[in-house]
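Order of listing sets the numbers, starting from 1, for every ligand and every atom in it. Residue numbers start at 1 and run along the sequence shown.
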Amino acid sequence: MTTHLELPGYAHVYSGKVRDLYAPVGPDGATVPDQLLLVASDRLSAYDWMMSPEIPDKGEVLTRLSLWWFDQLSDLVPNHVLSTDVPAAVAGRAVLVRTLDMLKVEAIARAYLTGGGLEEYQAKGSVSGVALPDGLVDGSRLPEPVFTPTTKAPVGEHDLPMTFAEVEAALGAEAAAEVSRLTRAILARGNEIAGARGILIADTKVEFGVAPDGSGGLVLADEVLTPDSSRFWPAELWEPGHPQPSFDKQYVREWLTSAESGWSKSSGEPPPELPAQVVEQTRAKYVEAYERLTGETF
Ligand code: PZK
């Protein structure tokens, strides 16, 4: 059970694993329906467990990275950001956004083969209905990004693959084609930029919404191309044929699975407290990703 901040002038709406959503409260005491405050916490999950302690500055690094990516993508798709003028208690790690009607599909694209995509390829030679060349292995780069949508499962449950026909049934054929095209274009642009800076983006999940009045097309929401929504791999260690190390979570996973932690993934027991050095190394990886990608000092 995760607790959230009390923010004066805002009503708590919802909490995900690592982020919290608030609605501004107007002068009449009613929540403002067309705006939301998206707050990124310093929480970190690994192996489906929440880690303790938190990773200092993680929420701010990811918020600033998302804002930078929204700019890099602004010629492809409009986004939901209204303002970064937010309460002091969450300065740097919150954004005020437009309330959208969110599409009930997780828009995922894959540029490299791993995880669920690899399993499907090994069983069927295709991923989400897209036939792929023979001989691909864990970590192989795909000829071009593939759209691999999933359902949005309730908290605690896992998302399930959707066929493109199911996406068309849920959204209509026109919107489904646009979600597919944009999701793949976002990942392709992400890799053009990140690849030159030593980071591969294996896959990513984006969220789209539409204006509640039905005007206009798809709007990119949530966070975008962060290590929490994507698999980031260090380019210099990329070697197809085995699982790739995670850019951000490698130190946490290595320590948790080492004898030193005394923890077993399959024990069902909560993991132990992360040592200070693992916390600091992990913070440094988030900062490094931000600085490599943006070219700016955090
Ligand atoms: C929205 N989430 C996921 C994010 C959480 C949960 N612009 C928007 N309009 C309406 N709804 C959402 C958004 C966005 N972004 C996003 N759920 C609803 C989410 C952060 C914290 F707890």
Problem set entry | The single option from Arg64, Arg93, Arg283 passing salt bridge (charged side-chain N to carboxylate O under 4.0 Å, His left out) against Asp57 | Arg283
Exercise. Are Trp233 and Phe247 close enough that their ring centers fall under 6.0 Å?
Worked result: no
Seminar exercise, completed: Quick note, side chain to side chain donor-acceptor pair (under 3.5 Å) partners involving residues 68-84, not counting sequence neighbours, are Asp75-Arg189
For this session: Verify the neighbour count for atom CD of Glu280: are there more than 12 heavy atoms of other residues, nucleotides or ligands below 6.0 Å?
Result: yes
Seminar exercise, completed: The answer, listing residues by chain and number that come under 4.0 Å of ligand 1 through any heavy atom, is Tyr14, Ser15, Gly16, Arg19, Asp20, Leu21, Leu36, Leu38, His80, Val97, Arg98, Thr99, Leu100, Met102, Ala221, Asp222
Problem set entry | Interatomic spacing from CG in Leu38 to CD in Glu223 - rounded to 0.5 Å | 8.0 Å
Problem set entry | Pair Arg292 + Glu236: basic N to acidic O under 4.0 Å | yes
